[in-house]
Trainee: 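A single structure is presented below for examination.
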Amino acid sequence: MIRAVVVVADVACPSCSQIARELPDLLRVPVTVRACRDPRLAGEYPTLPAGVRACRTPALGTVRGDGSVRWWPGLTGAIGVLPVVRPRALPEALALLWTALRTRRS
């Protein structure tokens, strides 16, 4: 069961920033947003992929009941958070994903 979500993104990226801003309103669990440049990130999340810590890709972390985190890098994060999307927010969540897909292809 997912207890919370952690978003790690580069705040200099407009698409990542948009997702980080809008995602908390779309999910049924608490969302924490962290900058990939935060020097404490590696210590607090030792399983965070190196590419995320180097700001090469964003990631969503799903926090389980035991406190462990499963990281979903890039757009795979959409799959990871699907179980905790608010039912009425699904259209908005899909629109946000579509925006991210279009930005990535540009």
Trainee: Kindly compute the distance separating CZ (Arg70) from OG1 (Thr47), expressed to the nearest 0.5 Å.
Mentor: 11.5 Å
Trainee: Between Trp71 and Val52, does the side chain to side chain contact (heavy atoms under 4.5 Å, CB included) criterion hold? Intermediate values first, please.
Mentor: CA-CA 10 Å; Trp71 293 103; Val52 178; 6.0 Å; no
Trainee: Measure from the side-chain N and O atoms of Ser17 to the backbone N and O of Val11, and report whether any donor-acceptor pair falls under 3.5 Å.
Mentor: yes
Trainee: Report yes or no: does Arg86 contribute a side-chain atom to a donor-acceptor pair with the main-chain N or O of Leu26 at less than 3.5 Å?
Mentor: no
Trainee: Provide the full list of salt bridge (charged side-chain N to carboxylate O under 4.0 Å, His left out) pairs with a residue in residues 41-69, sequence neighbours left out, each pair given once.
Mentor: Arg34-Glu44
Trainee: In the single-linkage hydrophobic clustering (I, L, V, M, F, W, Y; side-chain heavy atoms under 4.5 Å), do Leu75 and Trp98 co-cluster?
Mentor: yes
Trainee: Does some side-chain heavy atom of Val6 sit less than 4.5 Å from a side-chain heavy atom of Leu60?
Mentor: no
Trainee: Between Trp72 and Val81, is there a side-chain heavy-atom distance shorter than 4.5 Å?
Mentor: no
Trainee: Verify, without hydrogens or angle tests, whether Arg28 (side chain) and Pro83 (backbone) share a donor-acceptor contact under 3.5 angstrom.
Mentor: yes
Trainee: To the closest 0.5 Å, what do you measure between CZ (Arg37) and CG (Asp10)?
Mentor: 4.0 Å
Trainee: Provide the full list of disulfide (SG to SG under 2.5 Å) pairs with a residue in residues 38-102, sequence neighbours left out, each pair given once.
Mentor: Cys36-Cys55
Trainee: Can you confirm whether Leu41 sits close enough to Val8 that some side-chain heavy atom of one is under 4.5 Å from a side-chain heavy atom of the other?
Mentor: yes
Trainee: Among the clusters formed by ILVMFWY side chains lying less than 4.5 Å apart, do Leu94 and Leu23 turn up in the same one?
Mentor: yes
Trainee: Out of the candidates Thr62, Val85, Val5, only one should pair with Val29 under the side chain to side chain contact (heavy atoms under 4.5 Å, CB included) rule; please name it.
Mentor: Val5
Trainee: Do you know which two heavy atoms are closest between Pro24 and Ala20, and how far apart they sit?
Mentor: CD-O, 3.2 Å
Trainee: Flag yes if Ile19 and Leu97 sit in one hydrophobic cluster, no otherwise; membership is Ile, Leu, Val, Met, Phe, Trp, Tyr, and two members link when side-chain heavy atoms are under 4.5 Å apart.
Mentor: no
Trainee: Which value, rounded to the nearest 0.5 Å, describes the distance between Leu82 atom CG and Leu90 atom CG?
Mentor: 7.0 Å
